[in-house]
Amino acid sequence: MLNTPVLVLVETDESQPTPASAELLTTARRLTSGDVLALALAPVSASASALLAGHGATRLLVAELAERACLAAPVADALVAAVQHTGPAAVLVTSDYRGKEAAGSAALLLGSACVSDVAELEVDEDGLRASKLVLSGSWSTTAALGTGGHPPVLAVRPGSVEVPAPLSAEPLAAEPLEVSLRPESAAVRLVSREVSHAASGPDLASARTVVVMGRGTEGDLELVRSLAEPLGAAVGATRVACDEGWIDRSAQVGQTGVSISPSLYLSLGVSGAVHHTSGIQGAGTIVAIDSDSEAPIFEIADFGVVGDVTEVVPQLVSELARLRG
Ligand SMILES: Cc1cc2nc3c(=O)[nH]c(=O)nc-3n(C[C@H](O)[C@H](O)[C@H](O)COP(=O)(O)OP(=O)(O)OC[C@H]3O[C@@H](n4cnc5c(N)ncnc54)[C@H](O)[C@@H]3O)c2cc1C
């Protein structure tokens, strides 16, 4: 175990940290006996701050980036400022679209290492080791990050660790962090930001359960939602479903879409092309419903149903309702 601080970029809503942030804090807490420094990019409510502490944070730095918090370059500047202020052994961010880009930029600015899509982190006598799956999950690679240099910046995939219930804790005192933006960061302005159609359920990248719509659903989003809603699942899609305009592009899972690692992945009429399955490498249990028994998705599925989604899904939904009384 390390005894030096670990810096974690966290996000909170009104009352709590996001599930991905709780995972990062859990990971950091397991890596070090030293401080776990939470860096927030907006003011944090007392209840969210207490939960940050409950998940393992010992200090809370707040860099107020306002609307720039959703742009990678200013976030990288905030990470660099926090590193210079606190001297951590490592920096953890969530491996999503913004986190990966910010991690790369921050590592470049710090002259340190960067690994994205990290599935597992451990400490051995030589320092930190980060593991990830590559080549559509056919290889697991581990990078040794050494010690003594600038802290490595690690983008950790959501869904990689189980988060225990938070301990009861007092809110942390927020420590303001001054961030001076580089001219190139200050030059980028946020013009608009809106919630997309696909984002009406849980966040796709960090959801514990995901139901994915493929071509076999023939665009019946109601059918997909009829299963997703009782499961509290996020809705994802294949590229074909997005190309057809059945659902917003932001729902695309795969090589050119979002990478997901839910505990439960359920596919409806998805063939299992490698471009799609490369985005679900970290998934726990894979359940596939497809009318073609030869579909490649069945090669990686833990449970498979060969059948028509229009017949199987309603039966599944009513069985779920029956089991829940
Ligand atoms: C460079 C590149 C990048 C790509 N990136 C991505 C990516 O990020 N994500 C992605 O998803 N794809 C991506 N693709 C596309 C990918 O190769 C596949 O074409 C796509 O994933 C297939 O989508 P699908 O499974 O919905 O459709 P199909 O492959 O057409 O499969 C449809 C499935 O539905 C089944 N079916 C049909 N009717 C029913 C029914 N009534 N009930 C049950 N099952 C039924 C069929 O048996 C079939 O297995 C990429 C391709 C390229 C070249």
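Residue indices begin at 1 and follow the sequence shown. Start at 1 and go down the list; that is how both ligands and their atoms are numbered.
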Tell me: protein heavy atom nearest [atom], and distance?
atom                    : value
atom 32 (C) of ligand 1 : Gly269 O, 3.5 Å
atom 7 (C) of ligand 1  : Gln252 NE2, 3.1 Å
atom 29 (O) of ligand 1 : Ser271 OG, 2.6 Å
atom 40 (C) of ligand 1 : Gly216 O, 3.5 Å
atom 12 (N) of ligand 1 : Arg239 CB, 3.3 Å

Any side-chain donor near an acceptor of the partner, Ser206 and Asp203, under 3.5 Å
yes
Can you find a side-chain donor-acceptor pair between Thr26 and Arg29 that sits under 3.5 Å?
no
Do other residues, nucleotides or ligands put more than 12 heavy atoms under 6.0 Å from Glu319 CD?
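Yes, enclosed.
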Counting heavy atoms not belonging to Glu218, are there more than 12 under 6.0 Å from its CD?
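Open.
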Quick test of your reading of the structure: of [options], whose heavy atom lies closest to [atom]?
atom                    : options                        : value
atom 49 (O) of ligand 1 : Asp292, Asp290, Val309         : Asp290
atom 51 (C) of ligand 1 : Gln255, His275, Arg215         : His275
atom 20 (C) of ligand 1 : Leu223, Val240, Val253, Thr217 : Val240

Can Asp308 be said to touch ligand 1, with heavy atoms closer than 4.0 Å?
yes
Using 4.0 Å as the upper bound for N to carboxylate O, is an ion pair formed by Asp117 and Lys100?
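The answer is yes: the pair qualifies as a salt bridge.
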Do the charged groups of Arg30 and Glu23 touch, with an N to O distance under 4.0 Å?
no
Within the side chain of Asp77, is there an N or O that forms a donor-acceptor pair under 3.5 Å with the backbone of Val80?
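Here the side-chain-to-backbone pair does not exist.
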Which part of Ser291 is near ligand 1, with near meaning a heavy atom under 4.0 Å away: side chain, backbone, both or neither?
both
Please classify the Glu218 to ligand 1 contact at 4.0 Å (heavy-atom distances, strictly less than): side chain, backbone, both or neither.
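Near ligand 1, Glu218 shows nothing, with every heavy atom at 4.0 Å or more.
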